[in-house]
A.B. asks: 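First, the structure itself, so that you have it in front of you.
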Amino acid sequence: MRQQPASGKVFTKAIAAGWLLVQSLAVVTPALAAKSDNKSLTYGELFQKINSGQVAQVKIDEAQGIAQVQLKGQPNEPQQVTLLDQNPELIRDLRDHHVAFEEVRSYAESQAILGILINLLWILPLVFLFLLFIRRSSNASSQALNFGKSRARFQMEAKTGVTFSDVAGIDEAKEELQEVVTFLKQPERFTAIGAKIPKGVLLVGSPGTGKTLLARAIAGEAGVPFFSISGSEFVEMFVGVGASRVRDLFRKAKENAPCLIFIDEIDAVGRQRGAGIGGGNDEREQTLNQLLTEMDGFEGNNGIIIIAATNRPDVLDSALLRPGRFDRQVIVDAPDLKGRLEILKVHARNKKIDPSISLEAVARRTPGFSGADLANLLNEAAILTARRHKDAMTMLEIDDAIDRVVAGMEGTPLVDSKNKRLIAYHEVGHALLATLLKGHDPLQKVTLIPRGQARGLTWFTPNEEQGLLSRSQLKSRITSTLGGRAAEDIVFGKGEVTTGAGNDLQQITGLARQMVTKFGMSELGPVSLENQQGEVFLGRDWMAKSEYSEEIAAQVDAQVREIISECYQQAKQLLQANRILMDRLVDLLSEQETIEGDRFRQIVAEYSQFPEQQLAASR
Ligand code: ADP
Ligand code: MG
Ligand code: ZN
């Protein structure tokens, strides 16, 4: 009694009802869907109609077990007949009466289609979720491709709060940069008379001399924003990131003009292109090109000034130094005695310092210290002061801090042993020769308290005002440095000398070589045989050839050896001649651990004045 299910209709109806409902409808009640008020015949009636020739066509649907019967004269009203399981007579009968018949699979097919549709309905939300997911992740991946842009690596400070008064000891540089402050503050003053404002200034100086500080002070003085990035931050593993960072930085800077851009360690990107082992580096070169493009891209008077810092101006790409780019170079020197004093004063401002402290003495004791070293030194001393529960920093803390900054942490004193005695002889060897030799830097102290790698230490107060060093001064330096080994040799014999002199020997060999190849202080005459090349991978040309022949190289070696052996002989002679004095000093040092320079000189002077008496006394 079922009629041909109008599955199509059901489906459209169902859609209106909501697709979740459709599923249950379609799955659970196909019979319901088939309900229809079409007319029907019985199986028997069908045979009658066939035999009476009323049937025009029969469509047999085996799967459903029904047949559609088209009666003659009623083309639009098919009759439905329920069939048996097997219908061989029906087929035979139809054939006998020449009725057209065919087998259809309407319901089965429609059910299959329905199944597919149902599956589709299940899949649809999944696909939807999947699409959503894809969209998300493609967003993420486009973000990943954008990271040069989104993850800005530069810092921006609206106000640095640093002024020129915080920078000391580099007055020449400050003076030159005073002008840059004026450029930023009153560009009209320059543009009015047609002067082109420089775009780039290169600060050249070794680490810790205050380049960053100076750049921040300029921005602070001019009251403009300070953009800073380090050259190494431009360069990433991915090609193109650096270039996009450069673009980004300049875009941001233009939005904030007038302002100052500070590129620290510009040598990280600005190295000579196509140089180094293995040729160029794509990423770095692209970044550099972008930097050059950006610098050319804006006019000098739009209020952006770029300050770059490096300690290796020699390796920079020449394109960077052309007019219109970093055409101004300002040298930021390591401070001299006066400079150090000024820097100490700046950093002492916010610290509690005992009035007995002479900052000048501190400055004198710290040759070669950079501004950063001095700042660190005063900070170390302040920490020591706090640790010792003192109200104000005294010279004691500063001295300890200097020792610590220069030579490392203090170790535990050695226990009495042959080893300690040997170290005492070694150090006294240095100290005694330094005191006896003319033109040698004065001894500051000699100590057996280990520090860092050293088992004992002999400190000198270099006198830097003199600036130039003579050949005989250099030689006495070599002699006193050899004094340690010479003393071990004299007292303990050749077989007992130790590795303790390794560092000494390294130092004097370098010094002696310089005397020969750089200062022309040997029999080779006043020639410079220096190899000008820097480190291979930083420099321009890695095929650095030595500039002189092997023959000359052998001569240089011979000269170096001659200077050293001459000095060693002198060291041994002097120590042997003062053996008793040396023994006395070693006893004193072993007992007291440290002898100050003045006391040491006093003992030496007493002995040289009355050597006989001293001899008698020591007997
Ligand atoms: P650079 O950039 O040349 O390596 P910095 O400017 O970073 O050196 O210096 C580090 C710190 O050392 C500064 O923050 C400052 O405290 C101190 N310093 C360095 N040079 C000076 C100076 N000339 N005057 C005062 N302080 C200095
Ligand atoms: Mg710096
Ligand atoms: Zn030594």
A.B. asks: Look only at the side chain of D373 and the backbone of S370, and say whether a donor-acceptor pair between them is shorter than 3.5 Å.
C.D. replies: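 Yes.
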A.B. asks: Testing the basics here: between I343 and G371, what is the closest heavy-atom pair and its distance to 0.1 Å?
C.D. replies: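 Looks like CD1-CA, 3.9 Å.
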A.B. asks: For the residue pair I449 and G411, what are the closest heavy atoms and their distance?
C.D. replies: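 Nearest heavy atoms, I449 then G411: CG2-O, 3.9 Å.
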A.B. asks: Going by heavy atoms in the side chains, are E265 and S232 under 4.5 Å from each other?
C.D. replies: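 Of all side-chain heavy-atom pairs linking S232 with E265, at least one is under 4.5 Å.
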A.B. asks: Between R579 and D583, does any side-chain N to carboxylate O distance fall below 4.0 Å?
C.D. replies: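 Yes, charged N to carboxylate O under 4.0 Å.
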A.B. asks: Between T458 and E427, do the side chains contain an N or O donor and an N or O acceptor separated by less than 3.5 Å?
C.D. replies: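 Yes, E427 and T458 have a side-chain donor paired with an acceptor closer than 3.5 Å.
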A.B. asks: So does F369 get a backbone contact from the side chain of T366, meaning a donor-acceptor N/O pair under 3.5 Å?
C.D. replies: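 Side chain of T366 to backbone of F369: no pair is present.
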A.B. asks: Quick one: does D354's side chain have a donor or acceptor within less than 3.5 Å of a partner on S356's backbone?
C.D. replies: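 Looks like yes, one N/O pair under 3.5 Å.
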A.B. asks: Between R325 and D317, is the closest basic N to carboxylate O distance under 4.0 Å?
C.D. replies: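 No.
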A.B. asks: Do L321 and D327 have side chains that approach each other closer than 4.5 Å (heavy atoms only, starting at C-beta)?
C.D. replies: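 No, side chains not in contact.
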A.B. asks: What pair of heavy atoms forms the shortest contact from T160 to A219, and how long is it?
C.D. replies: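 Heavy-atom minimum between the residues: CG2-CB, 4.0 Å.
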A.B. asks: Do the side chains of R216 and E157 get close enough for a salt bridge, i.e. N-O under 4.0 angstrom?
C.D. replies: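 A salt bridge is present here (some side-chain N lies under 4.0 Å from a carboxylate O).
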A.B. asks: Looking at E176 and R328, is there a salt bridge between them, counting it only when a charged N and a carboxylate O are closer than 4.0 Å?
C.D. replies: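 Between E176 and R328 there is no salt bridge, as every charged N stays at least 4.0 Å from the carboxylate O atoms.
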A.B. asks: Considering only heavy atoms from C-beta outward, does the side chain of R599 approach that of Q602 to under 4.5 Å?
C.D. replies: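 Of all side-chain heavy-atom pairs linking Q602 with R599, at least one is under 4.5 Å.
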A.B. asks: Quick one: are I398 and M393 in side-chain contact, heavy atoms under 4.5 Å?
C.D. replies: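 Of all side-chain heavy-atom pairs linking M393 with I398, at least one is under 4.5 Å.
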A.B. asks: R388 and side chain to side chain contact (heavy atoms under 4.5 Å, CB included): which single residue from I383, T394, D400 fits?
C.D. replies: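 The side chain to side chain contact (heavy atoms under 4.5 Å, CB included) with R388 is passed solely by D400 among I383, T394, D400.
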A.B. asks: Decide, yes or no, whether a salt bridge links E342 with K338 under the criterion of side-chain N to carboxylate O below 4.0 Å.
C.D. replies: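 Looking at E342 and K338, the cut-off is not met.
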A.B. asks: Would you say N578's side chain and L581's backbone share a donor-acceptor pair under 3.5 angstrom?
C.D. replies: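 Checked: no pair found.
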A.B. asks: Main chain of L443, side chain of R601: is a donor-acceptor contact present, judged purely on distance under 3.5 Å?
C.D. replies: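 Flag set: sc R601 to bb L443 pair under 3.5 Å.
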A.B. asks: Check L377, V406, D403 against R365 for a side chain to side chain contact (heavy atoms under 4.5 Å, CB included) and give me the one that passes.
C.D. replies: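 For R365, the side chain to side chain contact (heavy atoms under 4.5 Å, CB included) check succeeds only for D403.
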A.B. asks: Assess, by modelled atom type and distance only, whether the side chains of S480 and H440 contain a donor and an acceptor separated by less than 3.5 Å.
C.D. replies: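 Checked: S480/H440 side chains pair up, N/O donor to acceptor below 3.5 Å.
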A.B. asks: I'd like to know if the side chain of T209 and the backbone of D333 have a donor-acceptor N/O pair within less than 3.5 Å.
C.D. replies: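 No; zero donor-acceptor contacts below 3.5 Å.
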A.B. asks: Any heavy-atom pair between the side chains of I218 and F164 that's under 4.5 Å?
C.D. replies: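 Result yes, sub-4.5 Å side-chain heavy-atom pair found.
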A.B. asks: Could you measure the distance from the CG atom of L177 to the CD1 atom of I307? Nearest 0.5 Å is fine.
C.D. replies: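 It comes to 6.0 Å.
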A.B. asks: First locate atom OG of S590, then atom CZ of R421, and finally report the distance between them rounded to the nearest 0.5 Å.
C.D. replies: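 S590 atom OG to R421 atom CZ measures 5.0 Å (nearest 0.5 Å).
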A.B. asks: Assess the pair F227 and F262: is the distance between their ring centroids shorter than 6.0 Å?
C.D. replies: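 Ring centroids of F227 and F262 are no less than 6.0 Å from each other.
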A.B. asks: Should V362 and M395 count as side-chain neighbours, where that means a heavy-atom distance under 4.5 Å?
C.D. replies: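 The answer is yes, as the side chains (C-beta and beyond) meet within the 4.5 Å cut-off.
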A.B. asks: For the residue pair L320 and G270, what are the closest heavy atoms and their distance?
C.D. replies: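 It is CD1-CA, 3.6 Å.
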A.B. asks: Taking D264 first and then K211, would you say they form a salt bridge - that is, a charged N and a carboxylate O separated by under 4.0 Å?
C.D. replies: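 Result for this pair is no, no salt bridge flagged.
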A.B. asks: Return yes if some donor-acceptor pair links the side-chain N/O of K351 with the main-chain N/O of A382 below 3.5 Å, else return no.
C.D. replies: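 No: the side chain of K351 does not pair with the backbone of A382.
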A.B. asks: So, for I261 and A253, which heavy atoms are closest and what is the spacing to 0.1 Å?
C.D. replies: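 Taking every non-hydrogen atom into account, CD1-CB, 3.6 Å.
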A.B. asks: Are there over 12 heavy-atom neighbours, none belonging to E175, within less than 6.0 Å of that residue's CD?
C.D. replies: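 Atom CD in E175 is not packed in, count stays at 12 or less.
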A.B. asks: Between D267 and T310, is any side-chain donor less than 3.5 angstrom from a side-chain acceptor?
C.D. replies: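 The answer is yes; a qualifying pair exists.
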A.B. asks: I331 and A173: which non-hydrogen atoms are nearest, and at how many Å?
C.D. replies: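 That closest heavy-atom pairing would be O-CB, 3.8 Å.
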A.B. asks: Test side-chain contact (heavy atoms from CB on, under 4.5 Å) on K352 and D391 and set out the steps.
C.D. replies: CA-CA 7 Å; K352 275 220 178 97; D391 293 333; 5.6 Å; no
A.B. asks: Verify, without hydrogens or angle tests, whether E488 (side chain) and T498 (backbone) share a donor-acceptor contact under 3.5 angstrom.
C.D. replies: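 Yes.
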A.B. asks: To the nearest 0.5 Å, what is the distance between CH2 (W459) and OG1 (T447)?
C.D. replies: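 Spacing of CH2 (W459) from OG1 (T447) equals 9.0 Å.
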A.B. asks: Once you round to the nearest 0.5 Å, how far does CG of L574 lie from OG1 of T479?
C.D. replies: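 Going from the CG atom of L574 to the OG1 atom of T479 covers 8.0 Å.
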A.B. asks: How far does CG of L524 sit from CD of Q559, to the nearest 0.5 angstrom?
C.D. replies: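 Atom-to-atom, L524:CG and Q559:CD are 4.5 Å apart.
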A.B. asks: Can you list the steps and then say if V162 with F226 is a side-chain contact (heavy atoms from CB on, under 4.5 Å)?
C.D. replies: CA-CA 11 Å; V162 179; F226 180 73; over 6 Å; no
A.B. asks: Check K420 with E593, please: is the shortest side-chain N to carboxylate O separation under 4.0 Å?
C.D. replies: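 Salt bridge: yes.
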A.B. asks: Run the side chain to side chain donor-acceptor pair (under 3.5 Å) test on H430 and D504 for me, step by step, so that the C-alpha distance in whole Å, both residues' side-chain angles and the decisive distance to 0.1 Å come before the verdict.
C.D. replies: CA-CA 10 Å; H430 287 312; D504 297 341; 3.1 Å; yes
A.B. asks: Does CD in E523 sit with more than 12 non-hydrogen atoms of other residues, nucleotides or ligands closer than 6.0 Å?
C.D. replies: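 Incorrect, the count does not exceed 12.
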A.B. asks: Considering residues, nucleotides and ligands other than K390, do more than 12 of their heavy atoms fall under 6.0 Å from its NZ?
C.D. replies: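 Yes - once you tally the heavy atoms of other residues, nucleotides and ligands closer than 6.0 Å, there are more than 12.
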A.B. asks: L482 versus I508: any side-chain heavy-atom pair under 4.5 Å?
C.D. replies: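 Contact flag for L482/I508 side chains = yes.
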A.B. asks: Salt bridge check: are D587 and R584 linked by an N-O gap of less than 4.0 Å?
C.D. replies: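 So D587 does not pair with R584 through a salt bridge.
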A.B. asks: Begin from the C-alpha positions of I603 and L588 and carry the test side-chain contact (heavy atoms from CB on, under 4.5 Å) through to its verdict.
C.D. replies: CA-CA 10 Å; I603 297 170; L588 193 67; 3.3 Å; yes
A.B. asks: Just wondering, do K199 and I305 contact through their side chains at under 4.5 Å, heavy atoms?
C.D. replies: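 A side-chain contact is absent here, since even the closest heavy-atom pair is not under 4.5 Å.
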A.B. asks: Can you measure from CG (L374) to CG (N376) and round to the nearest 0.5 angstrom?
C.D. replies: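 L374 atom CG to N376 atom CG measures 9.5 Å (nearest 0.5 Å).
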A.B. asks: Between Q473 and S470 (side chain of the first, backbone of the second, donor and acceptor by atom type, cut-off under 3.5 Å), is there such a pair?
C.D. replies: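 Answer holds: yes.
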A.B. asks: Between D399 and K445, does the salt bridge (Lys or Arg N to Asp or Glu O under 4.0 Å) criterion hold? Intermediate values first, please.
C.D. replies: CA-CA 12 Å; D399 273 339; K445 69 176 175 193; over 6 Å; no
A.B. asks: Hey, does the side chain of R455 reach the backbone of I423 with a donor-acceptor pair shorter than 3.5 angstrom?
C.D. replies: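 Such a contact is absent between R455 side chain and I423 backbone.
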A.B. asks: Run R404 and R451 through side-chain contact (heavy atoms from CB on, under 4.5 Å) and show every step you take.
C.D. replies: CA-CA 8 Å; R404 185 164 168 180; R451 227 175 235 293; 4.0 Å; yes
